[in-house]
There are 2 protein chains.
Amino acid sequence: MGLRERKKEKTRLAILDAALELFLEQGYESTTVEQIAGAVDVSPRTFFRYFTSKDHLVLWFHDQSEEILLETMAARPPDEPPFTALMHALRAMLADIEDATPQEHERFLKLRRILDENPRLIGQSVARGTETERRLAEVVAARRGVRADEDQLSHLIVAFAMSTMRVGFECPRSDGSLPEITGRMAESIELAERSLRPGWDA
Amino acid sequence: MGLRERKKEKTRLAILDAALELFLEQGYESTTVEQIAGAVDVSPRTFFRYFTSKDHLVLWFHDQSEEILLETMAARPPDEPPFTALMHALRAMLADIEDATPQEHERFLKLRRILDENPRLIGQSVARGTETERRLAEVVAARRGVRADEDQLSHLIVAFAMSTMRVGFECPRSDGSLPEITGRMAESIELAERSLRPGWDA
DNA sequence: ACCTTCCTGTCACAGTGTGACAGAAGTCAT
DNA sequence: ATGACTTCTGTCACACTGTGACAGGAAGGT
């Protein structure tokens with residue numbers, strides 16, 4: 001990996017960390033891009049080269065999660081029922097969070113606090129989720145041997161799976177610790193598995 | 001109803017119709033608030049007094065639907081299983097769309113075409129849905145005799161119900177006619193009812 | 001060193017959304 | 001009708017987000 005790429009990754013994280021810090025200090029809305037850029041000695045224009053929007057800062061983890069979801073789905077045996085495969089993918093995502101560095105844990109928890117305080121951002125996060133759903137629906141449809149355009153069930157399977165993740169993530173009455181959050185998510189996954197009729201996704 | 005309120009409702013609809021027309025003609029992004037306001041001889045500032053944002057134009061029907069959902073839920077017998085009640089609410093929403101005036105049908109179909117062409121807006125629509133989900137979760141939790149903060153299942157029930165609606169609404173391979181759309185939504189509701197284990201939401 | 005490629009800052013700009021204020025229009029008395 | 005009263009509207013000024021264009025500088029390979 002060249003110096004250029006290392007430098008880029010460094011600024012990307014510097015911007016992200018500075019932004020999270022400012023958001024927690026003075027709130028999301030009242031923090032401007034100019035301030036964030038200023039905190040890491042970068043021009044506002046450059047900020048937008050790293051993150052396409054201010055919201056994108058907060059959706060960062062979402063993008064990472066999507067990657068893991070898609071990778072895991074690709075790796076699961078093709079004859080496995082799609083919803084089961086999706087639940088495995090969710091658990092893989094969970095494991096990835098747990099196995100991350102303390103620094104990344106820190107970011108994850110800060111982000112979660114910001115999300116809690118700004119319902120609008122949760123909405124944005126869900127909004128981005130629709131694109132993920134579309135892609136996952138393609139994968140599920142392929143597994144089921146149908147076209148995604150023509151099969152509502154494929155969409156329903158994915159939508160239920162994503163709902164499960166979201167419910168776990170919103171994580172009611174949390175003290176904000178990482179084990180509690182991941183615990184809730186695991187809980188939510190089990191709940192969903194128990195709620196559905198065996199073989200419904202076949 | 002006084003002249004003032006009638007006039008207000010008239011401008012609100014005039015703005016909405018002009019906007020939908022412009023969006024279909026030249027696309028959502030490339031239509032400015034100034035244009036919309038100009039088309040109905042209103043200042044841009046006034047536009048924002050009727051719709052809090054450009055996006056809000058498109059989320060208009062969402063707000064209406066939420067109202068019906070909440071009203072129906074309040075009217076359903078309290079001992080009915082929550083998911084069943086929610087499915088009834090969805091059907092009530094459907095009926096409301098079908099029973100509307102031709103003019104309102106027109107708006108609904110235009111809106112849907114715009115949504116189809118702008119995935120970002122679907123996201124926004126879903127984003128607004130999270131607030132609806134929160135309110136519905138309160139209602140469901142009350143039915144189940146628990147606190148919404150402490151019960152993941154209440155959230156899961158609502159999330160599954162809203163997913164069902166969305167999947168029906170996205171309506172793959174549609175020719176765009178109203179009967180087809182409502183048909184797909186009904187289909188989706190039945191699919192969901194068949195997929196869940198009896199008594200899962202008790 | 002050289003040339004190429006990519007990154008960055010500066011400038012200019014379009015567009016969304018908001019606060020403040022003055023004036024017009026609607027409302028409701030007498 | 002005429003008055004006072006409330007509510008809506010337009011104008012002006014403004015902060016902020018996000019983008020296109022261009023010039024200079026840093027990193028890459030030769």
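First the proteins, then the strands, lettered A, B, ... as listed; each starts at 1.
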Do A:Arg49 and C:dG9 share a donor-acceptor pair, side chain to base, under 3.5 Å?
->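 Per atom types, the contact qualifies.
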Calculate the interatomic distance between [X] atom [atom1] and [N] atom [atom2]; express it in whole Å.
X       : N      : atom1 : atom2 : result
A:Lys7  : C:dC6  : NZ    : C1'   : 12 Å
A:Asp55 : D:dC16 : CG    : C1'   : 13 Å
B:Lys8  : D:dT6  : NZ    : C1'   : 12 Å
A:Lys10 : C:dT8  : NZ    : C1'   : 15 Å
B:Ile15 : D:dC8  : CD1   : C1'   : 12 Å
A:Phe51 : C:dC7  : CZ    : C1'   : 16 Å
B:Arg6  : D:dT7  : CZ    : P     : 18 Å
B:Arg45 : D:dC14 : CZ    : C1'   : 12 Å

Does [X] reach a base, just sugar-phosphate, or nothing at all? Heavy atoms under 4.0 Å.
X       : answer
B:Phe47 : nothing
A:Thr32 : sugar-phosphate
B:Ser30 : nothing

NZ/NE/NH1/NH2 to OD/OE distance under 4.0 Å, A:Arg143 and A:Asp79 |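 Salt bridge flag = no for A:Asp79 with A:Arg143.
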What class does the angle between the rings of B:Phe160 and A:Phe160 fall in, given that below 30° is parallel, 30 to 60° is tilted and above 60° is perpendicular?
-> parallel
Return yes if a side-chain donor-acceptor contact under 3.5 Å exists between A:Glu104 and A:Thr101, otherwise no.
-> yes
Take atom CD of B:Gln35 as the centre, draw a 6.0 Å sphere, and report whether it contains more than 12 heavy atoms from other residues, nucleotides or ligands.
-> yes
On DNA chain C, nearest-nucleotide positions of B:Gly2 versus B:Val33: which is more 5'?
-> B:Val33
Would you kindly compare B:Phe48 and B:Leu3 by the position of their nearest DNA chain C nucleotide and give the one closer to the 5′ end?
->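 The answer here is B:Phe48.
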Below 4.0 angstrom from OP1 or OP2 of C:dT8, is there any side-chain N or O of A:Thr46?
->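 No, no such contact exists.
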Just to confirm, is there a sub-4.0 Å distance from OP1 or OP2 of C:dC7 to any side-chain nitrogen or oxygen of A:Tyr50?
->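 It does not, given that no N or O in the side chain of A:Tyr50 lies less than 4.0 Å from OP1 or OP2 of C:dC7.
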Please figure out whether B:Arg4 or A:Lys54 has its closest DNA chain D nucleotide nearer the 5' end.
->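 Its nearest nucleotide being more 5', the pick is B:Arg4.
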Less than 4.5 Å apart, any side-chain heavy atom of B:Glu29 and any of B:Arg120?
->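 A side-chain contact under 4.5 Å exists here.
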